[in-house]
Amino acid sequence: MSGAHPTKSSRPGLSAGALVVAGVLLAAIGAVGAWLQHDAPGRSAQPRTELTASNPPAGLPTALTTGQHLRWSRCTSPPTARTGYDCATMKAPLDYRKPDGRTIDVALIRRKATGPNARRIGSLVLNFGGPGVSGVSGLPERLKQYEPLLDRYDLVSFDPRGVGATIPVRCGKTADDTGYAGADACAEHSGAILPFIGTSHTARDLDLMRYLLGDERLHYFGVSYGTALGAVYAHLYPSHVGRLVLEAPVDPTEDLSEQQVSQVKAVQAAFDRFAAHCAARIRHCPTGDGPEEAERRMAGLADRLKKKPAPAGAGRNLDADDLAHAVGDHLVRGTDGWEPLAKALTALIDDNDGRPLSKGADDTGSADRAATPRDNSRVARTAITCADSSLRPGFERLDRDEARVKAASPVFGEAWSAGVYLCYDWPFDGERATLQVNAEGAAPVLVVGGTGDPTTPYPGARHMARALGDGVGVLLTAEEEGHGTYPQNRCVTKAVDTYLRTGRTPAAGTVCRGSTS
(Lines give C-alpha, C1' and ligand atoms only; values in the text may rest on other atoms or scores of the structure.)
Protein backbone atom coordinates (compact mmCIF):
# COMPACT_ATOMS: atom_id res chain seq x y z
CA MET A 1 0.00 0.00 0.00
CA SER A 2 1.18 3.43 -0.58
CA GLY A 3 -0.83 5.12 2.01
CA ALA A 4 0.67 6.02 5.31
CA HIS A 5 -2.40 6.81 7.33
CA PRO A 6 -6.20 7.08 7.31
CA THR A 7 -8.19 10.20 6.75
CA LYS A 8 -10.48 11.40 9.49
CA SER A 9 -13.66 9.47 10.08
CA SER A 10 -16.20 9.35 12.85
CA ARG A 11 -17.52 6.27 14.60
CA PRO A 12 -20.08 3.98 12.91
CA GLY A 13 -23.40 5.69 12.49
CA LEU A 14 -21.83 9.12 12.10
CA SER A 15 -19.86 8.34 8.94
CA ALA A 16 -19.88 5.35 6.64
CA GLY A 17 -16.37 3.98 6.42
CA ALA A 18 -12.93 5.47 6.85
CA LEU A 19 -10.49 6.27 4.08
CA VAL A 20 -6.78 5.50 4.17
CA VAL A 21 -4.60 8.39 2.94
CA ALA A 22 -1.99 7.43 0.40
CA GLY A 23 1.68 8.44 0.75
CA VAL A 24 2.11 8.77 -2.99
CA LEU A 25 1.84 11.86 -5.27
CA LEU A 26 -1.25 11.74 -7.50
CA ALA A 27 -1.96 13.93 -10.50
CA ALA A 28 -5.37 14.75 -11.89
CA ILE A 29 -7.24 11.79 -13.34
CA GLY A 30 -9.41 12.98 -16.19
CA ALA A 31 -12.91 11.84 -17.08
CA VAL A 32 -13.21 8.45 -18.74
CA GLY A 33 -13.81 9.82 -22.21
CA ALA A 34 -10.88 12.20 -21.98
CA TRP A 35 -8.45 9.40 -21.15
CA LEU A 36 -9.51 7.33 -24.11
CA GLN A 37 -9.36 9.96 -26.86
CA HIS A 38 -6.16 9.82 -28.87
CA ASP A 39 -4.83 11.65 -31.89
CA ALA A 40 -3.19 9.93 -34.81
CA PRO A 41 0.50 9.37 -34.10
CA GLY A 42 1.64 12.20 -36.38
CA ARG A 43 5.29 11.80 -35.43
CA SER A 44 8.23 9.90 -36.82
CA ALA A 45 9.53 6.83 -35.03
CA GLN A 46 12.49 4.55 -35.53
CA PRO A 47 11.54 1.33 -37.33
CA ARG A 48 10.95 -1.33 -34.73
CA THR A 49 10.00 -4.96 -34.66
CA GLU A 50 6.86 -5.61 -32.65
CA LEU A 51 7.10 -8.60 -30.37
CA THR A 52 4.58 -11.44 -30.34
CA ALA A 53 3.79 -14.03 -27.69
CA SER A 54 2.63 -17.59 -28.21
CA ASN A 55 1.04 -18.26 -24.80
CA PRO A 56 -2.31 -16.48 -24.44
CA PRO A 57 -4.10 -16.68 -21.08
CA ALA A 58 -6.06 -19.91 -20.85
CA GLY A 59 -9.83 -19.91 -20.87
CA LEU A 60 -10.45 -16.59 -22.63
CA PRO A 61 -12.30 -16.24 -25.92
CA THR A 62 -10.15 -15.65 -28.97
CA ALA A 63 -11.80 -12.26 -29.44
CA LEU A 64 -9.86 -11.10 -26.38
CA THR A 65 -6.58 -12.90 -27.14
CA THR A 66 -5.47 -13.74 -30.67
CA GLY A 67 -8.28 -11.59 -32.07
CA GLN A 68 -7.37 -8.49 -30.07
CA HIS A 69 -4.63 -6.03 -30.97
CA LEU A 70 -3.66 -2.98 -28.98
CA ARG A 71 -4.16 0.13 -31.10
CA TRP A 72 -1.58 2.60 -29.86
CA SER A 73 -2.00 6.25 -30.75
CA ARG A 74 -0.87 9.59 -29.39
CA CYS A 75 -2.26 10.40 -25.97
CA THR A 76 -4.39 13.51 -25.72
CA SER A 77 -4.84 13.25 -21.96
CA PRO A 78 -3.37 13.75 -19.44
CA PRO A 79 -1.59 16.86 -20.73
CA THR A 80 1.77 15.57 -19.48
CA ALA A 81 1.46 12.60 -21.86
CA ARG A 82 0.78 14.48 -25.09
CA THR A 83 4.38 14.31 -26.24
CA GLY A 84 6.37 11.11 -26.42
CA TYR A 85 3.70 8.72 -25.16
CA ASP A 86 1.20 6.34 -26.74
CA CYS A 87 -2.14 5.32 -25.28
CA ALA A 88 -4.41 2.34 -25.91
CA THR A 89 -7.28 0.41 -24.37
CA MET A 90 -7.43 -3.31 -23.69
CA LYS A 91 -10.64 -5.31 -23.62
CA ALA A 92 -10.87 -7.67 -20.65
CA PRO A 93 -13.66 -9.66 -19.03
CA LEU A 94 -15.42 -7.95 -16.17
CA ASP A 95 -15.76 -11.37 -14.52
CA TYR A 96 -13.08 -13.91 -15.43
CA ARG A 97 -15.43 -16.68 -14.33
CA LYS A 98 -17.69 -15.57 -17.20
CA PRO A 99 -15.12 -14.72 -19.89
CA ASP A 100 -17.75 -14.52 -22.63
CA GLY A 101 -19.78 -11.96 -20.72
CA ARG A 102 -19.43 -8.22 -20.22
CA THR A 103 -16.06 -6.68 -21.04
CA ILE A 104 -14.31 -3.62 -19.68
CA ASP A 105 -11.79 -1.20 -21.18
CA VAL A 106 -8.43 -1.02 -19.39
CA ALA A 107 -6.56 2.23 -20.09
CA LEU A 108 -2.87 1.81 -21.00
CA ILE A 109 0.04 4.18 -21.60
CA ARG A 110 3.44 3.47 -23.12
CA ARG A 111 6.83 5.11 -23.56
CA LYS A 112 8.67 3.30 -26.33
CA ALA A 113 12.13 1.89 -25.81
CA THR A 114 14.97 3.99 -27.17
CA GLY A 115 17.51 1.21 -27.64
CA PRO A 116 18.01 -0.90 -30.77
CA ASN A 117 15.49 -3.62 -31.56
CA ALA A 118 18.03 -6.38 -31.06
CA ARG A 119 18.59 -5.34 -27.44
CA ARG A 120 14.96 -4.77 -26.48
CA ILE A 121 13.79 -7.25 -23.86
CA GLY A 122 10.11 -6.36 -24.06
CA SER A 123 7.75 -4.27 -21.95
CA LEU A 124 8.27 -3.37 -18.30
CA VAL A 125 4.85 -2.90 -16.71
CA LEU A 126 4.83 -0.42 -13.82
CA ASN A 127 2.40 -0.07 -10.93
CA PHE A 128 3.01 2.89 -8.61
CA GLY A 129 0.98 1.78 -5.61
CA GLY A 130 -2.14 2.90 -3.82
CA PRO A 131 -4.37 1.10 -4.35
CA GLY A 132 -5.94 3.90 -6.32
CA VAL A 133 -2.96 5.37 -8.16
CA SER A 134 -3.45 6.02 -11.87
CA GLY A 135 -0.69 4.61 -14.02
CA VAL A 136 -1.79 6.67 -17.01
CA SER A 137 -1.06 9.89 -15.17
CA GLY A 138 1.70 8.32 -13.08
CA LEU A 139 4.08 7.28 -15.88
CA PRO A 140 4.71 10.82 -17.18
CA GLU A 141 5.13 12.07 -13.61
CA ARG A 142 7.66 9.40 -12.68
CA LEU A 143 9.43 8.85 -15.99
CA LYS A 144 12.78 10.18 -14.75
CA GLN A 145 12.94 7.41 -12.15
CA TYR A 146 12.75 4.68 -14.77
CA GLU A 147 14.13 6.45 -17.85
CA PRO A 148 17.50 4.62 -17.77
CA LEU A 149 15.61 1.37 -18.43
CA LEU A 150 14.28 2.65 -21.76
CA ASP A 151 17.37 1.31 -23.49
CA ARG A 152 15.99 -2.21 -22.96
CA TYR A 153 12.27 -1.87 -22.31
CA ASP A 154 9.11 -0.17 -23.41
CA LEU A 155 7.78 1.36 -20.20
CA VAL A 156 4.08 0.58 -19.82
CA SER A 157 1.57 1.47 -17.13
CA PHE A 158 -2.19 1.37 -16.78
CA ASP A 159 -5.20 2.38 -14.72
CA PRO A 160 -6.14 -0.65 -12.61
CA ARG A 161 -9.77 -1.63 -12.22
CA GLY A 162 -11.74 0.99 -10.34
CA VAL A 163 -9.19 3.73 -11.01
CA GLY A 164 -9.16 6.66 -13.43
CA ALA A 165 -10.36 5.53 -16.84
CA THR A 166 -10.80 1.83 -16.04
CA ILE A 167 -14.35 1.31 -14.74
CA PRO A 168 -13.89 4.07 -12.14
CA VAL A 169 -15.58 3.56 -8.79
CA ARG A 170 -18.10 6.22 -7.82
CA CYS A 171 -19.15 6.63 -4.18
CA GLY A 172 -20.37 10.24 -4.11
CA LYS A 173 -23.80 11.74 -3.70
CA THR A 174 -24.35 11.44 -7.45
CA ALA A 175 -23.01 9.12 -10.14
CA ASP A 176 -20.60 11.84 -11.32
CA ASP A 177 -19.36 12.80 -7.86
CA THR A 178 -15.84 11.56 -7.04
CA GLY A 179 -16.26 12.22 -3.33
CA TYR A 180 -17.09 9.63 -0.69
CA ALA A 181 -20.62 9.59 0.64
CA GLY A 182 -20.39 6.15 2.26
CA ALA A 183 -20.55 2.47 1.43
CA ASP A 184 -24.24 2.67 0.48
CA ALA A 185 -23.41 5.27 -2.17
CA CYS A 186 -20.69 2.97 -3.53
CA ALA A 187 -23.22 0.16 -3.84
CA GLU A 188 -25.77 2.46 -5.50
CA HIS A 189 -23.47 3.93 -8.14
CA SER A 190 -20.86 1.17 -8.60
CA GLY A 191 -22.45 -2.00 -7.24
CA ALA A 192 -22.18 -3.79 -10.57
CA ILE A 193 -18.38 -3.52 -10.61
CA LEU A 194 -17.37 -3.56 -6.93
CA PRO A 195 -17.10 -7.37 -6.72
CA PHE A 196 -14.65 -7.38 -9.66
CA ILE A 197 -12.05 -4.73 -8.83
CA GLY A 198 -9.89 -6.61 -6.33
CA THR A 199 -6.22 -7.38 -6.81
CA SER A 200 -6.72 -10.92 -8.11
CA HIS A 201 -8.91 -9.59 -10.94
CA THR A 202 -6.32 -6.96 -11.86
CA ALA A 203 -3.61 -9.64 -11.78
CA ARG A 204 -5.55 -11.53 -14.43
CA ASP A 205 -5.70 -8.33 -16.47
CA LEU A 206 -1.91 -8.23 -16.20
CA ASP A 207 -1.57 -11.62 -17.84
CA LEU A 208 -3.79 -10.62 -20.73
CA MET A 209 -1.80 -7.40 -20.98
CA ARG A 210 1.47 -9.37 -21.04
CA TYR A 211 0.27 -11.44 -23.97
CA LEU A 212 -1.04 -8.48 -25.97
CA LEU A 213 2.24 -6.61 -25.39
CA GLY A 214 3.99 -9.56 -27.02
CA ASP A 215 5.85 -10.96 -24.02
CA GLU A 216 6.06 -14.65 -23.17
CA ARG A 217 6.72 -13.65 -19.56
CA LEU A 218 5.73 -10.60 -17.56
CA HIS A 219 8.42 -8.09 -16.65
CA TYR A 220 7.08 -5.90 -13.87
CA PHE A 221 8.06 -3.24 -11.33
CA GLY A 222 5.60 -2.74 -8.48
CA VAL A 223 5.92 -0.25 -5.64
CA SER A 224 4.09 -0.45 -2.28
CA TYR A 225 0.58 -1.79 -3.05
CA GLY A 226 2.00 -2.65 -6.47
CA THR A 227 3.98 -5.40 -4.73
CA ALA A 228 0.73 -7.06 -3.66
CA LEU A 229 -0.41 -7.02 -7.28
CA GLY A 230 2.90 -8.41 -8.54
CA ALA A 231 3.02 -11.13 -5.89
CA VAL A 232 -0.55 -12.24 -6.56
CA TYR A 233 0.31 -12.39 -10.28
CA ALA A 234 3.31 -14.61 -9.48
CA HIS A 235 1.03 -16.89 -7.45
CA LEU A 236 -1.54 -17.18 -10.22
CA TYR A 237 0.90 -17.46 -13.13
CA PRO A 238 4.28 -18.75 -11.85
CA SER A 239 5.31 -20.03 -15.29
CA HIS A 240 4.70 -16.57 -16.79
CA VAL A 241 6.95 -14.73 -14.32
CA GLY A 242 9.78 -12.88 -16.02
CA ARG A 243 11.72 -10.24 -14.12
CA LEU A 244 9.61 -8.94 -11.24
CA VAL A 245 10.73 -6.21 -8.84
CA LEU A 246 8.67 -5.73 -5.68
CA GLU A 247 9.83 -2.57 -3.92
CA ALA A 248 8.65 -1.40 -0.48
CA PRO A 249 6.49 -4.52 -0.19
CA VAL A 250 3.34 -4.99 1.82
CA ASP A 251 3.35 -7.81 4.36
CA PRO A 252 1.45 -10.80 2.94
CA THR A 253 1.25 -12.46 6.35
CA GLU A 254 -0.78 -9.68 8.01
CA ASP A 255 -4.47 -8.95 7.69
CA LEU A 256 -5.76 -5.40 7.33
CA SER A 257 -6.03 -4.84 11.09
CA GLU A 258 -2.52 -6.12 11.74
CA GLN A 259 -1.14 -3.95 8.94
CA GLN A 260 -2.62 -0.85 10.53
CA VAL A 261 -0.91 -1.54 13.85
CA SER A 262 2.42 -2.35 12.18
CA GLN A 263 2.22 0.76 10.06
CA VAL A 264 1.50 3.18 12.90
CA LYS A 265 4.41 1.68 14.87
CA ALA A 266 6.66 2.19 11.86
CA VAL A 267 5.71 5.83 11.33
CA GLN A 268 6.18 6.49 15.05
CA ALA A 269 9.66 4.93 14.87
CA ALA A 270 10.48 7.09 11.85
CA PHE A 271 9.36 10.19 13.76
CA ASP A 272 11.51 9.21 16.72
CA ARG A 273 14.55 8.94 14.43
CA PHE A 274 13.73 12.36 12.99
CA ALA A 275 13.43 13.81 16.49
CA ALA A 276 16.79 12.38 17.52
CA HIS A 277 18.40 13.81 14.37
CA CYS A 278 16.68 17.15 14.90
CA ALA A 279 17.94 17.40 18.47
CA ALA A 280 21.50 16.56 17.44
CA ARG A 281 21.83 18.43 14.15
CA ILE A 282 19.23 21.19 13.77
CA ARG A 283 19.63 24.46 15.63
CA HIS A 284 16.53 25.49 17.59
CA CYS A 285 14.97 22.09 16.95
CA PRO A 286 11.17 22.46 17.26
CA THR A 287 10.76 19.00 18.77
CA GLY A 288 13.21 19.54 21.63
CA ASP A 289 16.04 17.41 22.92
CA GLY A 290 14.94 13.98 21.71
CA PRO A 291 12.04 11.59 21.05
CA GLU A 292 10.45 11.81 24.52
CA GLU A 293 10.39 15.60 24.48
CA ALA A 294 9.15 15.48 20.89
CA GLU A 295 6.16 13.37 21.94
CA ARG A 296 5.26 15.85 24.68
CA ARG A 297 5.55 18.83 22.34
CA MET A 298 3.50 17.13 19.64
CA ALA A 299 0.80 16.26 22.18
CA GLY A 300 0.63 19.89 23.29
CA LEU A 301 0.52 21.08 19.70
CA ALA A 302 -2.27 18.62 18.87
CA ASP A 303 -4.30 19.83 21.85
CA ARG A 304 -3.87 23.42 20.67
CA LEU A 305 -5.02 22.55 17.16
CA LYS A 306 -8.05 20.66 18.46
CA LYS A 307 -9.21 23.84 20.15
CA LYS A 308 -8.28 26.16 17.29
CA PRO A 309 -6.95 24.88 13.96
CA ALA A 310 -4.17 26.87 12.31
CA PRO A 311 -4.64 28.61 8.95
CA ALA A 312 -3.08 26.55 6.18
CA GLY A 313 -3.67 28.72 3.12
CA ALA A 314 -6.23 28.58 0.31
CA GLY A 315 -9.04 28.79 2.83
CA ARG A 316 -7.95 25.60 4.59
CA ASN A 317 -7.22 24.96 8.24
CA LEU A 318 -4.86 22.47 9.83
CA ASP A 319 -6.25 20.56 12.81
CA ALA A 320 -4.81 17.83 15.03
CA ASP A 321 -5.47 14.98 12.58
CA ASP A 322 -4.07 17.05 9.72
CA LEU A 323 -0.95 17.60 11.81
CA ALA A 324 -0.35 13.86 12.14
CA HIS A 325 -1.05 13.21 8.47
CA ALA A 326 1.21 16.01 7.27
CA VAL A 327 4.11 14.95 9.50
CA GLY A 328 3.70 11.40 8.21
CA ASP A 329 3.82 12.65 4.62
CA HIS A 330 7.16 14.36 5.30
CA LEU A 331 8.56 11.17 6.80
CA VAL A 332 7.67 9.28 3.60
CA ARG A 333 10.41 11.33 1.88
CA GLY A 334 13.07 9.92 4.19
CA THR A 335 15.92 12.14 5.30
CA ASP A 336 15.12 14.57 2.48
CA GLY A 337 11.98 15.45 4.39
CA TRP A 338 13.60 16.03 7.77
CA GLU A 339 14.86 19.59 7.39
CA PRO A 340 11.65 20.82 5.69
CA LEU A 341 9.67 19.13 8.47
CA ALA A 342 11.68 20.94 11.16
CA LYS A 343 11.14 24.29 9.45
CA ALA A 344 7.42 23.63 8.95
CA LEU A 345 6.92 22.64 12.60
CA THR A 346 8.79 25.75 13.72
CA ALA A 347 6.46 27.94 11.66
CA LEU A 348 3.43 26.19 13.12
CA ILE A 349 4.62 26.31 16.73
CA ASP A 350 6.06 29.84 16.72
CA ASP A 351 3.77 31.64 14.29
CA ASN A 352 0.64 29.47 14.13
CA ASP A 353 1.31 29.17 10.39
CA GLY A 354 0.15 25.84 8.99
CA ARG A 355 1.00 26.65 5.39
CA PRO A 356 4.53 25.17 5.22
CA LEU A 357 3.46 21.91 6.83
CA SER A 358 0.35 21.63 4.65
CA LYS A 359 2.23 22.56 1.48
CA GLY A 360 4.95 20.06 2.23
CA ALA A 361 2.34 17.37 2.71
CA ASP A 362 0.79 18.24 -0.66
CA ASP A 363 4.20 17.93 -2.28
CA THR A 364 4.98 14.57 -0.71
CA GLY A 365 1.86 12.95 -1.96
CA SER A 366 -1.10 12.63 0.35
CA ALA A 367 -3.81 11.29 -1.91
CA ASP A 368 -6.52 13.42 -0.38
CA ARG A 369 -4.61 16.67 -0.38
CA ALA A 370 -3.09 16.15 -3.81
CA ALA A 371 -6.32 15.01 -5.43
CA THR A 372 -8.26 17.15 -7.81
CA PRO A 373 -12.08 17.23 -7.83
CA ARG A 374 -12.20 14.61 -10.60
CA ASP A 375 -9.68 12.27 -8.98
CA ASN A 376 -11.35 9.10 -7.66
CA SER A 377 -8.20 7.78 -5.95
CA ARG A 378 -9.66 7.96 -2.45
CA VAL A 379 -12.76 5.93 -3.17
CA ALA A 380 -10.82 3.52 -5.38
CA ARG A 381 -8.43 2.92 -2.48
CA THR A 382 -11.31 2.02 -0.19
CA ALA A 383 -13.10 -0.12 -2.76
CA ILE A 384 -10.03 -2.15 -3.77
CA THR A 385 -8.88 -2.61 -0.18
CA CYS A 386 -12.31 -3.86 0.87
CA ALA A 387 -12.60 -6.10 -2.19
CA ASP A 388 -9.34 -7.74 -1.12
CA SER A 389 -9.91 -7.99 2.64
CA SER A 390 -12.46 -10.39 4.12
CA LEU A 391 -12.38 -8.63 7.51
CA ARG A 392 -15.81 -7.28 8.48
CA PRO A 393 -15.34 -6.68 12.20
CA GLY A 394 -18.19 -6.16 14.62
CA PHE A 395 -18.30 -3.32 17.14
CA GLU A 396 -16.48 -5.27 19.86
CA ARG A 397 -13.58 -6.06 17.51
CA LEU A 398 -13.60 -2.49 16.21
CA ASP A 399 -13.22 -1.11 19.70
CA ARG A 400 -10.30 -3.43 20.40
CA ASP A 401 -8.60 -2.60 17.10
CA GLU A 402 -9.06 1.12 17.64
CA ALA A 403 -7.49 0.87 21.08
CA ARG A 404 -4.55 -1.13 19.72
CA VAL A 405 -3.80 1.46 17.05
CA LYS A 406 -4.01 4.34 19.50
CA ALA A 407 -1.74 2.57 21.96
CA ALA A 408 0.84 1.80 19.27
CA SER A 409 1.82 5.45 18.72
CA PRO A 410 1.57 8.47 21.00
CA VAL A 411 1.95 10.88 18.06
CA PHE A 412 0.00 9.17 15.27
CA GLY A 413 -2.24 6.60 16.96
CA GLU A 414 -5.37 8.70 17.37
CA ALA A 415 -5.36 9.96 13.78
CA TRP A 416 -4.54 6.53 12.37
CA SER A 417 -7.18 4.72 14.43
CA ALA A 418 -9.96 5.82 12.07
CA GLY A 419 -8.65 3.26 9.60
CA VAL A 420 -10.12 0.36 11.57
CA TYR A 421 -13.56 1.35 10.24
CA LEU A 422 -12.49 1.15 6.62
CA CYS A 423 -14.51 -1.91 5.60
CA TYR A 424 -16.81 -2.61 8.53
CA ASP A 425 -20.00 -1.74 6.58
CA TRP A 426 -18.82 -2.61 3.06
CA PRO A 427 -21.72 -4.11 1.08
CA PHE A 428 -19.75 -6.95 -0.55
CA ASP A 429 -17.57 -9.74 0.80
CA GLY A 430 -13.82 -9.46 0.47
CA GLU A 431 -11.63 -12.16 -1.00
CA ARG A 432 -9.40 -13.28 1.88
CA ALA A 433 -7.80 -12.16 5.13
CA THR A 434 -4.22 -12.21 3.85
CA LEU A 435 -2.56 -12.31 0.45
CA GLN A 436 -1.88 -15.66 -1.20
CA VAL A 437 1.51 -15.24 -2.87
CA ASN A 438 3.30 -18.59 -2.93
CA ALA A 439 4.80 -18.87 -6.41
CA GLU A 440 6.60 -22.21 -6.41
CA GLY A 441 8.35 -22.79 -9.72
CA ALA A 442 8.51 -19.12 -10.71
CA ALA A 443 11.69 -17.39 -11.81
CA PRO A 444 13.47 -15.40 -9.08
CA VAL A 445 11.57 -12.31 -7.89
CA LEU A 446 13.56 -9.39 -6.45
CA VAL A 447 12.09 -8.00 -3.21
CA VAL A 448 13.52 -4.64 -2.06
CA GLY A 449 12.88 -3.38 1.48
CA GLY A 450 14.07 -0.30 3.34
CA THR A 451 14.83 -0.68 7.03
CA GLY A 452 13.38 2.76 7.86
CA ASP A 453 10.22 2.59 5.76
CA PRO A 454 7.36 4.34 7.63
CA THR A 455 4.64 3.05 5.32
CA THR A 456 5.40 -0.60 4.55
CA PRO A 457 7.56 -1.70 7.49
CA TYR A 458 10.73 -3.63 6.73
CA PRO A 459 9.64 -6.94 8.32
CA GLY A 460 7.06 -7.17 5.54
CA ALA A 461 9.87 -7.38 2.98
CA ARG A 462 11.37 -10.38 4.76
CA HIS A 463 7.94 -11.99 5.00
CA MET A 464 7.21 -11.34 1.31
CA ALA A 465 10.49 -12.89 0.15
CA ARG A 466 9.86 -15.95 2.33
CA ALA A 467 6.22 -16.31 1.33
CA LEU A 468 7.01 -16.31 -2.40
CA GLY A 469 8.82 -19.58 -1.83
CA ASP A 470 12.28 -21.10 -1.70
CA GLY A 471 14.33 -20.07 -4.69
CA VAL A 472 11.75 -17.47 -5.73
CA GLY A 473 11.85 -14.50 -3.36
CA VAL A 474 15.26 -12.80 -3.23
CA LEU A 475 15.53 -10.09 -0.56
CA LEU A 476 17.62 -6.95 -1.08
CA THR A 477 17.85 -4.79 2.05
CA ALA A 478 18.46 -1.05 1.97
CA GLU A 479 19.46 0.78 5.13
CA GLU A 480 17.41 3.83 4.24
CA GLU A 481 14.68 6.06 5.62
CA GLY A 482 11.53 6.78 3.64
CA HIS A 483 9.05 4.86 1.54
CA GLY A 484 10.95 3.32 -1.36
CA THR A 485 14.66 3.38 -2.17
CA TYR A 486 14.84 3.22 -5.99
CA PRO A 487 16.51 5.19 -7.54
CA GLN A 488 17.59 7.23 -4.50
CA ASN A 489 20.02 4.59 -3.25
CA ARG A 490 22.79 3.93 -5.78
CA CYS A 491 23.44 0.40 -4.58
CA VAL A 492 19.77 -0.52 -4.88
CA THR A 493 19.56 1.09 -8.31
CA LYS A 494 22.56 -0.86 -9.58
CA ALA A 495 21.20 -4.16 -8.27
CA VAL A 496 17.69 -3.59 -9.63
CA ASP A 497 18.88 -2.38 -13.04
CA THR A 498 21.27 -5.33 -13.35
CA TYR A 499 18.46 -7.75 -12.56
CA LEU A 500 16.06 -6.14 -15.03
CA ARG A 501 18.68 -6.08 -17.78
CA THR A 502 20.28 -9.49 -17.25
CA GLY A 503 18.03 -11.51 -14.96
CA ARG A 504 20.83 -11.84 -12.38
CA THR A 505 19.72 -11.25 -8.80
CA PRO A 506 22.04 -9.93 -6.09
CA ALA A 507 23.56 -12.47 -3.71
CA ALA A 508 21.32 -13.65 -0.90
CA GLY A 509 21.58 -11.37 2.11
CA THR A 510 22.85 -8.34 0.20
CA VAL A 511 22.55 -5.12 2.17
CA CYS A 512 22.83 -1.68 0.59
CA ARG A 513 24.21 0.97 2.94
CA GLY A 514 22.48 4.29 3.10
CA SER A 515 21.25 7.08 5.33
CA THR A 516 20.73 4.85 8.38
CA SER A 517 24.13 3.12 8.16
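Note that the structure is a prediction, hence the values are computed from the model and not measured. Count residues from 1 along the sequence.
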Check: Do other residues, nucleotides or ligands put more than 12 heavy atoms under 6.0 Å from the CD atom of E147?
Finding: yes
Verify the neighbour count for atom CD of E396: are there more than 12 heavy atoms of other residues, nucleotides or ligands below 6.0 Å?
-> no
If you round to the nearest 0.5 Å, how far is [atom2] of [Y] from [atom1] of [X]?
X	Y	atom1	atom2	value
R217	R210	CZ	CZ	10.0 Å
R204	D95	CZ	CG	9.5 Å
I193	R102	CD1	CZ	7.0 Å
T166	R161	OG1	CZ	9.0 Å
I121	L500	CD1	CG	7.5 Å
L391	S257	CG	OG	7.0 Å

For the pair [X] (side chain) and [Y] (backbone), establish whether a donor and an acceptor sit closer than 3.5 Å, ignoring hydrogens and angles.
X	Y	answer
R392	F428	yes
R120	T49	yes
D159	A107	no
T227	E247	no
E431	S200	no
S157	L126	yes
R381	G130	yes
D151	A113	no
H189	C171	no
T103	K91	no

Least distance between heavy atoms, [X] atom then [Y] atom:
X	Y	answer
A185	A181	CB-CB, 3.9 Å
L256	S389	CB-OG, 3.8 Å
A383	W426	CA-CZ2, 3.7 Å
F158	M209	CG-CE, 3.7 Å
V437	A231	CG1-CB, 3.5 Å
L60	T65	CB-CG2, 3.9 Å

Paired with D86, the side-chain hydrogen bond (donor to acceptor under 3.5 Å, both in side chains) test is passed by just one of R71, R111, R110, namely R110
Find out whether [X] and [Y] are in side-chain contact, i.e. whether some heavy atom of one side chain is under 4.5 Å from a heavy atom of the other.
X	Y	result
W416	Q260	no
D105	M90	no
V163	V133	no
P252	L468	no
T66	Y211	yes
P393	V420	no
R119	R152	yes
S54	E216	yes

Indicate whether any N or O donor in one side chain lies under 3.5 Å from an N or O acceptor in the other, for [X] and [Y].
X	Y	answer
T456	D453	yes
D255	T434	no
T477	Y458	yes

Please test R462 against L475 for side chain to side chain contact (heavy atoms under 4.5 Å, CB included), starting from the C-alpha separation and ending with a verdict. CA-CA 7 Å; R462 294 200 307 264; L475 177 62; 3.7 Å; yes
Hits for side chain to side chain donor-acceptor pair (under 3.5 Å) against D251, two or more places apart or cross-chain, chain-then-number order -> T253, H463
Check your understanding: Stepwise, does the side chain to side chain contact (heavy atoms under 4.5 Å, CB included) test hold for C512 with T485?
Key -> CA-CA 10 Å; C512 287; T485 60; over 6 Å; no
Checking side chain to side chain contact (heavy atoms under 4.5 Å, CB included) for the pair F128/Q145: CA distance, chi angles, key distance, verdict? CA-CA 11 Å; F128 305 113; Q145 291 181 240; over 6 Å; no
Taken in chain and number order and not counting sequence neighbours, the residues that satisfy salt bridge (Lys or Arg N to Asp or Glu O under 4.0 Å) with D429 are none
Across all chains, not counting sequence neighbours, the salt bridge (Lys or Arg N to Asp or Glu O under 4.0 Å) partners of R397 are D401
Sorted by chain and residue number, the ring-ring contact (aromatic ring centres under 6.0 Å, His included) partners of Y233 (sequence neighbours excluded) come out as Y237
Across all chains, not counting sequence neighbours, the ring-ring contact (aromatic ring centres under 6.0 Å, His included) partners of F221 are Y146, Y486
Across all chains, not counting sequence neighbours, the side-chain contact (heavy atoms from CB on, under 4.5 Å) partners of A228 are Y225, V250, L435
How far apart are the C-alpha atoms of L155 and L150, what are their side-chain angles, what is the distance that settles it, and do they pass the side chain to side chain contact (heavy atoms under 4.5 Å, CB included) test? CA-CA 7 Å; L155 298 182; L150 280 170; 3.6 Å; yes
